[in-house]
Q: 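Please find one structure pasted underneath; my questions will follow.
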Number of protein chains: 2
Amino acid sequence: MQNLPCPQTGADVSDYRIYTGNCIDILPDLPEKSAGLIFADPPYNLQLKQELYRPNQTRVDGVDDTWDQFASFESYDEFTRQWLNACRRVLADDGTIWVIGSYHNIFRVGKIMMDLGFWILNDVQWHKSNPMPNFRGVRFTNATETLIWAKKSENQKKYTFNHQVMKQFNDGKQMTSVWQIPLCTGKERIKDENGKKAHSTQKPEALLQRVILSSSNEGDLVLDPFLGSGTTCAVARKLNRRSIGIEQDPRYVEMAEHRLNGYLGSEQ
Amino acid sequence: MQNLPCPQTGADVSDYRIYTGNCIDILPDLPEKSAGLIFADPPYNLQLKQELYRPNQTRVDGVDDTWDQFASFESYDEFTRQWLNACRRVLADDGTIWVIGSYHNIFRVGKIMMDLGFWILNDVQWHKSNPMPNFRGVRFTNATETLIWAKKSENQKKYTFNHQVMKQFNDGKQMTSVWQIPLCTGKERIKDENGKKAHSTQKPEALLQRVILSSSNEGDLVLDPFLGSGTTCAVARKLNRRSIGIEQDPRYVEMAEHRLNGYLGSEQ
DNA sequence: TATAAAGGTGAATCCGCAC
DNA sequence: AGTGCGGATTCACCTTTAT
């Protein structure tokens, strides 16, 4: 990261770097207090209750029918503690972190963030304008995902919030914690060679645009420990922020690299 | 509770009873598996540290009640585990529970609910149409509170969800998990003899109306372990549900009783 | 009476720097 | 660490008072 182009050096302000591997393994190799903004979209495969995962997401064999619900929650919590702690070390003392999740995982994540010393600034609701209905009519249409925005500690004095910039998303009035944004569909949604969605949870660029514009400035370094399809780096690049993405699955890394090269190509 | 009028007996379907005391002490004396619906509005543990003034120098009357103060996260968690466990015992096997909170407490509450075996059905967002702005412009306007709707266990087969009834709140289409409802203000807000709000966190009846209509039927027993100003019993009564409220503060109990007697009087 | 203007208020984790 | 001060900071309602 210390080799990443930086505005002070005159290099490209919007350069990026993608690491392949588990963020719990890679984050300790990055210099501490170097990221101004972190956006994290962690996995929440809690429904796989019969399977127990180690904190690094490798599966533990041979325990399919012996582990109860608590064991599954506990392993997810330990995984969450580890990656959040690794992120906290890399986060600058005047930086902030965003974590997105659904009701399956966000309560556990939020509780652990508080326990680790993060201080919540807002819980932002991504209000999906076109959510998938509950087909059986046995629950309410699940129309939101929650983003927790937090600073590094309670006594942290400085952090970036571009209040005036965010007003443009609310008719010139103070922006609220409810963001109405459509799902990532259509041309923006990346498809594989079979025309199927290439990543199951690709986030809309409009969401990352608001995250990055609100809580970072040009030239700042944005970090995404679960890069996935690469939306964070792609939007950071468009908004002249440097970025680092970490992604475990080599197929997603390839996808993100291709996507970022594509943006490069279309802009030249 | 076994003496409460019941539709099967031909008695008043919308009778209510209010207990004075701490719900952790009182709930164990109620028969188990007897409540069809629980609505809980526990203390949020806001941890307000200083006075806040509007730009015109007027002071914001924040929540500084002693009942909202906890010494630590751990003591709040322990309190939460105790009242939730007591509620779970009283909840019928085909019943559901709602818990409302803000980002200050809802993550801890949700995590504990999952640990205790509750199975989340929805996280409903109360989207306030008239929230208090962030006067200093240092965060987003905090425009929501979260309601967790959960059944008693993962394998619970039966619970009440009045899908068709809820469609009326969304132009005949499937109701979503975002509920736009104004704050409780104006004539609905109960004032004391000095004209000040009599309870710092009175909930709007429209909110309870949706909760009760969606997940209970006429004659069902609704339980509120933190009754406060009595909104839950008042709305339950209007919707022909039996109800039990538990409230620690005798002044709030008196307030709720007066409110419910008032409704009785105006309806006769 | 009707309309307009003025005032009040809401579950809020709400400033930053110099001395 | 405590104090003082300059400066930037608000939205949708409802109620009361004035015209």
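Per chain, numbering begins at 1; letters A, B, ... match sequence-line order. What's counted below: heavy atoms across the whole structure, side chains too, no hydrogens, waters or symmetry copies. As the structure is a prediction and not an experimental result, all values here were calculated from the model.
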Q: Does the side chain of A:Asn134 come within less than 4.5 Å of B:Gln174's, by heavy atoms?
A: yes

Q: Are any of the side-chain heavy atoms of A:Pro204 and A:Leu183 separated by less than 4.5 Å?
A: no

Q: If I pick the P atom on C:dA12 and the same atom on D:dG6, what distance separates them, to the nearest angstrom?
A: 30 Å

Q: Parallel under 30°, tilted from 30 to 60°, perpendicular over 60°: which one fits the rings of A:Phe140 and B:Trp98?
A: perpendicular

Q: Counting any heavy atom closer than 4.0 Å, what does B:Asp41 reach on the DNA or RNA strands: base, sugar-phosphate only, or nothing?
A: base

Q: Do A:Ile100 and A:Thr146 have side chains that approach each other closer than 4.5 Å (heavy atoms only, starting at C-beta)?
A: no

Q: Would you say the side chains of B:Gln202 and B:Thr231 form a donor-acceptor pair under 3.5 Å?
A: no

Q: For the pair made of CG in B:Leu52 and P in C:dG10, what is the distance, rounded to whole Å?
A: 13 Å

Q: Are A:Pro43 and A:Phe79 packed together at the side-chain level, in the sense that at least one heavy-atom pair is separated by less than 4.5 angstrom?
A: yes

Q: Could you check how far CD1 of B:Ile190 sits from P of C:dG10, rounded to whole Å?
A: 14 Å

Q: Which letters describe nucleotides 1-8 of chain C, given B = protein heavy atom under 4.0 Å from base, S = only from sugar-phosphate, - = neither?
A: --------

Q: Output every pair passing salt bridge (charged side-chain N to carboxylate O under 4.0 Å, His left out) with a member in residues 73-82 of chain B, not counting sequence neighbours, ordered by first then second residue.
A: B:Asp77-B:Arg108, B:Glu78-B:Arg81

Q: Give B:Pro204 one of three labels, base, sugar-phosphate or nothing, depending on what nucleic acid heavy atoms sit under 4.0 Å from its own.
A: nothing

Q: Both atom distances under 3.5 Å, Watson-Crick or G-U wobble: I'd like the secondary structure of DNA chain D as a dot-bracket string, with | for pairs made across strands.
A: .|||||....|||||||||

Q: Within this structure, what is the CG-to-C1' distance between B:Asn45 and C:dA11, rounded to whole angstrom?
A: 12 Å

Q: On DNA chain C, compare the nucleotides closest to B:Lys128 and B:Val138; which residue's is nearer the 5' end?
A: B:Lys128

Q: Would you give a per-nucleotide map of nucleotides 6-16 of chain D, 5' to 3', where B means the base has a protein non-hydrogen atom under 4.0 Å away, S means only the sugar-phosphate does, and - means neither?
A: -BBBBBS-SS-

Q: B:Tyr76 OH to C:dA11 C1': how many Å, rounded?
A: 11 Å

Q: Would a 4.5 Å heavy-atom cut-off, applied to side chains only, mark B:Ile18 and B:Ile244 as touching?
A: no

Q: How far, in whole Å, is D:dA8 from C:dA11 if one measures between their P atoms?
A: 31 Å

Q: I'd like to check B:Leu27 versus B:Cys87 (side-chain heavy atoms, cut-off strictly below 4.5 Å). Are they in contact?
A: yes

Q: Could you tell me how far apart B:His199 (NE2) and C:dA11 (C1') are, to the nearest whole angstrom?
A: 10 Å

Q: Quick check: do A:Lys203 and A:Trp126 have side-chain heavy atoms less than 4.5 Å from each other?
A: yes

Q: What is the separation between atom CG on A:Leu121 and atom C1' on C:dA12, rounded to the nearest whole Å?
A: 13 Å

Q: Need one value for B:Ser200: base, sugar-phosphate or nothing, where a base atom within 4.0 Å counts as base even if backbone is also close, heavy atoms only.
A: sugar-phosphate

Q: Once you measure the plane-to-plane angle for B:Trp149 and B:Tyr159, does it fall in the parallel (<30°), tilted (30-60°) or perpendicular (>60°) bin?
A: perpendicular

Q: Scan residues 150-161 of chain A against DNA chain C and write down, sorted by residue number, each residue with any heavy atom closer than 4.0 Å; if none is found, say none.
A: A:Lys157

Q: Need one value for B:Trp67: base, sugar-phosphate or nothing, where a base atom within 4.0 Å counts as base even if backbone is also close, heavy atoms only.
A: base

Q: Between D:dG7 and C:dC14, how far apart are the P atoms? Round to whole Å, please.
A: 24 Å

Q: Mind checking what makes side chain to side chain contact (heavy atoms under 4.5 Å, CB included) contact with B:Lys49, not counting sequence neighbours?
A: A:Trp119, A:Glu154, B:Gln47

Q: Expressed as a whole number of angstroms, how long is the span from B:Ile181:CD1 to C:dG10:P?
A: 19 Å

Q: Provide, to the nearest angstrom, the distance between the CG atom belonging to B:Asn142 and the P atom belonging to C:dC14.
A: 12 Å

